[in-house]
Amino acid sequence: MSKKLYITTAIPYVNAKPHVGHVMDYLIADIWARHQKQLGHEVRFQVGTDEHGNKIAAKAAEAGQDPQTFTDENCVKFKQFIDSLEVSYTDFIRTTDPKHQAVVQYIWQQLAPYIYKGTYEGWYCEGCESFVTDKEAAATNGVCPDHDKPYQRLSEENYYFKASEFSDKVRAAIEGNKLKIVPEFRKHEFLNMIKDGLLDVSISRPKKSLSWGVPVPGDDTQVMYVWLDALANYITVLGYPENETWREYWPADIQVVGKDIMRFHAGLWPAMLLGLGVSLPKTLLVHGHVTVAGSKMSKTIGNVVDPVEVIDKFGVEALRYYFSRHVSTTDDSDFSWDKFEKAYNNELANDLGNLVSRAANMVMRYQAGVVGELQKPEHDMFAYNEALRELRFSDAIAEAWALVQGANKFIDETKPWVIAKNAENDPEEKEHLDEVLGHVVGSLLQVANMLYPFLPATSEKIYETFNTGVVKPLEDVLFPKIRLEAPEAAAPVLPEPAALARPPVPPAEPEQNEIG
RNA sequence: CGCGGGGUAGAGCAGUCUGGUAGCUCGUUUGGCUCAUAACCAAAAGGUCGGUGGUUCAAAUCCACCCCCCGCAACCA
């Protein structure tokens, strides 16, 4: 029976451009969404951008733009990025959408019984015009690194949301897996974090220190702090509350978030929903972070990898492949160009791409392109289906590779080229050849099917090549080999005395990084 | 101090719940094959499973203590 399902992704803060870490959210959600669609379900799939707050206003000022222009431009960058990943989302929301803002104000009013005025105290930088966390203040020895000024202890009046009121209910929901946190260790981590209850959360700032945000209804001196605004997107995008269809999709089946923002999604967000009388999402899928060559990505270190660069060099499918297969959903994983290149060449080009070539070529060569009777796929799909059901995505795609390797092995063992030679005079061998190649093609069609959630374009290409029973060979090879130049290799070496006599070597061209 | 994750072949990991010949991928070496993208297939070498002690006929696996790395502790995907 067809179900209506809903999956959400965290909305990125648009104060910087996308980095490879952002791929996680979209890809996980997209794999799941595509798989569910294959199973015949209808999937609502939200993505969007988080656009309010001081950091954005500051960035905009830095760029000499007003915040709206700035976010308009940055929103486009994220949208292009998401589109370039071939993400099959159905809804794109911006927190600056007037409709979203209006509903956020409505939500505030609904939560009014749990909102009270309080005093916020913390370390404040006059230059930044914002508070920093205690942790950050400690890390910088109490001096703002951007302005070289000591932080001041300041307090200001603002509104608090009584999340503490819902501590027991939230805890019970998580413990009883009504709100299931995946993986399990994150659930334990969070339950431990809230063992003394949820803390009330400051949800507004005086307008003078935060102007770029949703105004607090009934108090024009205050503006909402970003989390209330941002979290609400998951239901405002569905048309909550006036468009009743939101109820067809909510509660969300899966909410995908990074480990860094789990606490807001496991604590504050459920508390808000309880305050609104809305049911809690079913699953919170918490993914790990991506490190680059073993280190945390950081602008100061300058090791931030731009996913668009990866796509330019290797293509979307390769990026999707690497993140599906070699980046753990739940743990931190490493990205490096070297690993990426190896995975691409060994697995996509040699294992899969080459298998498609050799299969297509043999059918063309020995049977004039006509595939004999297709052998029924025989690979047991249980492990694949279980892996997807349990959100173990890399295990699922690995199953497809087991099939690919099995097919390569099968070809080597059955030696169709030998059968083809014998078949010239032996009808029985001709039949045997038919059978063997039919088996290979059958396997490939099954591979295409399994690959669809992960590599939709590749899946489609394989399908098109073999599906009709008459091979339509690809114009280009699937996944041509790519070698990135190693910049180190081009480094000048001190010439041997004998070499000095030789004509000068033309200068190596740096920055080539060419696809070859 | 507390909580969580981890320490297994040169690298990256599985196996630990439910003790019983230590496994996968990459890399290395050798062999086979020629349909294919110098691709594919096979075999070999390589590990005292962080340490110490305990339980057991038997411990990577269970128990105790210890060492080291990473993360979290409320606004960083």
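Everything numeric in this text was worked out from a predicted model, so none of it was measured. Residue numbers start from 1 in every chain, and the chains themselves are labelled A, B, ... in the order their sequence lines are given, proteins ahead of strands.
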Would you indicate which nucleotide in [options] comes nearest to any side-chain atom of [X]?
X: A:Asn346; options: B:C35, B:G27, B:C41; result: B:G27
X: A:Met362; options: B:A39, B:C3, B:C35; result: B:C35
X: A:Asp412; options: B:C75, B:C35, B:C72; result: B:C35
X: A:Arg483; options: B:A39, B:G27, B:A77; result: B:A39
X: A:Glu189; options: B:A77, B:C72, B:C75; result: B:C72
X: A:Val290; options: B:A36, B:A73, B:A77; result: B:A77
X: A:Leu198; options: B:C75, B:U25, B:A74; result: B:A74
X: A:Trp417; options: B:C33, B:A77, B:C75; result: B:C33
X: A:Asp260; options: B:A73, B:C75, B:C76; result: B:C76

If we only count heavy atoms from C-beta on, is the [X] to [Y] side-chain gap below 4.5 Å?
X: A:Val201; Y: A:Trp227; result: no
X: A:Thr330; Y: A:His287; result: no
X: A:Trp32; Y: A:Asp30; result: no

Using a cut-off of strictly less than 4.0 Å, decide whether [X] has a side-chain nitrogen or oxygen near OP1 or OP2 of [N].
X: A:Arg263; N: B:A73; result: yes
X: A:Lys481; N: B:A39; result: yes
X: A:Arg365; N: B:A36; result: yes
X: A:Lys409; N: B:A42; result: yes
X: A:Lys55; N: B:C76; result: yes
X: A:Asn361; N: B:C35; result: no

**Message:** Apply side chain to side chain donor-acceptor pair (under 3.5 Å) to residues A:Glu317 and A:Thr458 and explain how you reach the verdict.
**Reply:** CA-CA 7 Å; A:Glu317 297 284 294; A:Thr458 303; 2.6 Å; yes
**Message:** Using the six-membered base ring of B:A77, report whether A:His19 stacks on it, requiring centroids under 5.5 Å and planes under 30° apart.
**Reply:** no
Any base atoms under 4.0 Å from [X], or only sugar-phosphate, or nothing? Heavy atoms, all strands.
X: A:Ser328; value: nothing
X: A:His188; value: nothing
X: A:Tyr225; value: base
X: A:Gly406; value: nothing
X: A:Ile261; value: sugar-phosphate
X: A:Gly258; value: sugar-phosphate
X: A:Asp351; value: sugar-phosphate
X: A:Val201; value: base
X: A:Ala349; value: base

**Request:** Without swapping roles, check the side chain of A:Thr465 against the backbone of A:Lys461 for a donor-acceptor pair under 3.5 Å.
**Result:** yes
**Message:** Is it the case that the side chain of A:His100 and the backbone of A:Asp229 share a donor-acceptor pair, with hydrogens and angles ignored and the cut-off at 3.5 Å?
**Reply:** yes
Counter-base of [N], judged by Watson-Crick or G-U geometry with both distances under 3.5 Å:
N: B:G47; value: none
N: B:G71; value: B:C3
N: B:A59; value: none
N: B:A64; value: B:U52
N: B:G23; value: B:C13
N: B:A38; value: none

Would you tell me whether [X] and [Y] have side-chain atoms, one donor and one acceptor, within less than 3.5 Å of each other?
X: A:Thr8; Y: A:Gln255; answer: yes
X: A:Tyr116; Y: A:Asp200; answer: yes
X: A:His289; Y: A:Asp260; answer: yes

**Request:** Between A:Ile411 and A:Phe264, name the one whose nearest nucleotide on RNA chain B is closer to the 5' end.
**Result:** A:Ile411
**Request:** On RNA chain B, check which nucleotide each of A:Lys195 and A:Ser357 is closest to and give me the residue with the more 5' one.
**Result:** A:Lys195
[N] [atom2] sits how many Å from [X] [atom1], rounded?
X: A:Asp334; N: B:G6; atom1: CG; atom2: C1'; result: 15 Å
X: A:Asp395; N: B:G15; atom1: CG; atom2: C1'; result: 13 Å
X: A:Phe335; N: B:A11; atom1: CZ; atom2: P; result: 22 Å
X: A:Leu444; N: B:C35; atom1: CG; atom2: C1'; result: 13 Å
X: A:Arg325; N: B:G12; atom1: CZ; atom2: P; result: 18 Å
X: A:Asn354; N: B:C33; atom1: CG; atom2: C1'; result: 13 Å
X: A:Arg358; N: B:C40; atom1: CZ; atom2: C1'; result: 4 Å
X: A:Phe190; N: B:A74; atom1: CZ; atom2: C1'; result: 9 Å

How far does the [atom1] atom of [N] sit from the matching atom of [M], given to the nearest Å?
N: B:A59; M: B:C68; atom1: P; value: 28 Å
N: B:A44; M: B:U55; atom1: C1'; value: 39 Å
N: B:A77; M: B:A9; atom1: C1'; value: 35 Å
N: B:G53; M: B:G7; atom1: P; value: 22 Å
N: B:C57; M: B:G50; atom1: C1'; value: 27 Å
N: B:G47; M: B:C76; atom1: C1'; value: 39 Å
N: B:C41; M: B:U34; atom1: C1'; value: 12 Å
N: B:A22; M: B:G46; atom1: C1'; value: 13 Å

**Item:** Ring-face cation contact, A:Trp337 with A:Lys313, 6.0 Å cut, 45° max
**Value:** yes
**Request:** Look at the side chain of A:Asn350 and the base of B:A39, then say whether one donor and one acceptor between them are separated by less than 3.5 Å.
**Result:** no
